[in-house]
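A short worksheet on the structure shown next.
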Amino acid sequence: MSIKVDSLCHVYHPGTPLETQALSGVDLIVERGKWVAVVGQTGSGKSTLAQHLNALLLPSSGRVEVDGIPTTSGAFELREIRRKVGLVFQYPEHQLFAETVREEMAFGPRNWEFPEEEITNSTRKVMDLLGLPHEILDRSPFELSGGQKRRLSIASVLVSRPDYLVLDEPTAGLDARGRNELLCLLKGLVKEGLGVVHVTHDLELALTMADRILVLEKGKAVFCGTPGSLLEELLERPIRGLCLPPVLELVSGLRSYGYSVPYTLDSEELANCLEREIRP
Amino acid sequence: MKFLNHLTLGQYVPANSPVHRLDPRCKILSVIALLAGIFLMEHPVAFLAWGGLLLLLSRFSRISFRVVLQGARPVVLLVVFTAAIHLFLTKGTVLWEWGILSVTREGVTMALRMGLRLFFLVLFAGFLTLTTSPMELSDGLESLFHPFERFGFPAHEMAMMMTIALRFIPTLFDETDRILRAQIARGADLEHGGLFRRMKAFIPVLVPLFVIVFQRAEDLALAMEARCYRGGSGRTRMNPLAWKKTDTFAIAAVIGIVVFFVLLDLRG
Ligand SMILES: Nc1ncnc2c1ncn2[C@@H]1O[C@H](COP(=O)(O)OP(=O)(O)OP(=O)(O)O)[C@@H](O)[C@H]1O
Ligand SMILES: [Mg+2]
């Protein structure tokens, strides 16, 4: 049970003056209960890849399979794929439309013909999960704060109980607290067996949260592996399109001056080690 | 998967060609002359000459003929429809009959004439937007309408409105496309069911679109105010339009060709 991406290529507007090769030969496997981060510079093809995972875009060549069903199947399978793979776009709050939060939450499950009773139940459950108070159920989604809107739009995807969740820059425009809350919550869902694909350009975030990291550069996968091995690689040679997070920059600087501090992203830990090093 | 096609009627294709370099006023007036000429065409054969002119224009403006034709794709249906109406509804010598449908000799000529006219109108008008950036276009229109400001015609405001509208069409296209995808990802089904169901299915797309449009309008108004925009009077330009000798020559040539074609056509 996994999403398999196999030498995926994507060309936008083939045969026109606007032809763009957005992905060339990308491989990736996303398993349930795993957190996969996709990092890369702007324009590297992250969003394009994300849309392939739930068949909003179809491969120009190569294959994408969700639990064994290729995304090029018929309309019936396509609906199933889209339910299994929830996709949260960048700035998902721009898709809110309903009169009440309740209606907004019910939009997805109704499209997939969930029974009403089940919709009510899972709406409450998902809202609790995302820390949205039940009082807002009858309010207009447009009256919520920015952070609440973001959480509501993620909730409105989760309420259809997807097996995989693809998030395109979910933390963009959130404050540090909102960001951490969201990440914690996702971590919890991953523990419960959700497969998460987290598209971000924040390498530090990817290194701390993900089980696997895919690095894209101009549509090509330049690295795919665990955060540990990515760190090792990064310290040996620069990877195109990535630069070290500031903390690691500091660590490698310190090490070159002869301090034996560990490669860590945790600034607190680094400070402690450094203190021990300096004090005789 | 394609939800909205981006290459649509009248998109600017930047290039450095003699046609691109012409003054927008010259191009607007030339297109008016050309369109008037096409309206006066009678003989289907004369359209061959217009087709030749089209090829020539595409050479001069360094835009491949395929792109020019692509621009007319959205109106193909309209052209076919117009031609069909004329084909079946013109009275005259009957050539062929089937039930209540009948095709007449006059109908065939009429259908050919109207269809080709419409098609050529779109193709020639397309050249204007293919070779002139929206900015130039609205500058040109503003300058052409300037004399009417004396009679209270809001030339500057019209041009500004047009610039803004043109500037935001692609943006709105992108936004619509994005919202469409987001709702499809949430299981929205926009392709099945009857007319009413399908119209209802578009509400989740239209509401966010309106929200974004109003948001953008407000942002833009604020940005314009912050830059002290206060209407047209006394504004100077960064790139003032300059009528050159080539423009005079070009427009003279176009008018000459049109008059020549029309005279030829009238003679039979
Ligand atoms: N609808 C489209 N039409 C044409 N080209 C596109 C389209 N969407 C993306 N592209 C092009 O495909 C390439 C990859 O775009 P994509 O949006 O996947 O990048 P990204 O990694 O998500 O960037 P960002 O971090 O800015 O979101 C870019 O060169 C972009 O210009
Ligand atoms: Mg993106």
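The figures that follow rest on heavy atoms only: side chains count, while hydrogens, waters and symmetry mates do not. Convention: sequence-line order gives letters A, B, ...; per-chain numbering from 1.
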- Query: Taking the six-membered ring for Trp, are H20(B) and Y12(B) parallel (under 30°), tilted (30 to 60°) or perpendicular (over 60°)?
  - Reply: tilted

- R79(A) versus chain B, the contacting section by heavy-atom distance below 4.5 Å: side chain

- Query: Side chain, backbone, both or neither: which part of V67(B) has a heavy atom under 4.5 Å from chain A?
  - Reply: side chain

- Of all heavy-atom pairs linking F261(B) and A49(B), the shortest is CZ-CB, 3.6 Å

- Task: May I ask you to name which of E104(A), H94(A), Q51(A) has the most heavy-atom pairs under 4.5 Å with chain B?
- Result: H94(A)

- Item | Which portion of S153(A) sits near chain B, non-hydrogen atoms under 4.5 angstrom | neither

- Heavy atoms of V66(A) and K84(A) approach each other most closely as CG1-CD, 4.2 Å

- Item | Full working for ring-ring contact (aromatic ring centres under 6.0 Å, His included) between F97(A) and F107(A) | CA-CA 10 Å; F97(A) 74 96; F107(A) 180 65; 4.9 Å; yes

- Message: Taking every non-hydrogen pair under 4.5 Å, which of A185(B), P204(B), S64(B) racks up the most with chain A?
- Response: P204(B)

- Give me the one residue out of K149(A), R150(A), R151(A) that meets salt bridge (Lys or Arg N to Asp or Glu O under 4.0 Å) with E93(A). R150(A)

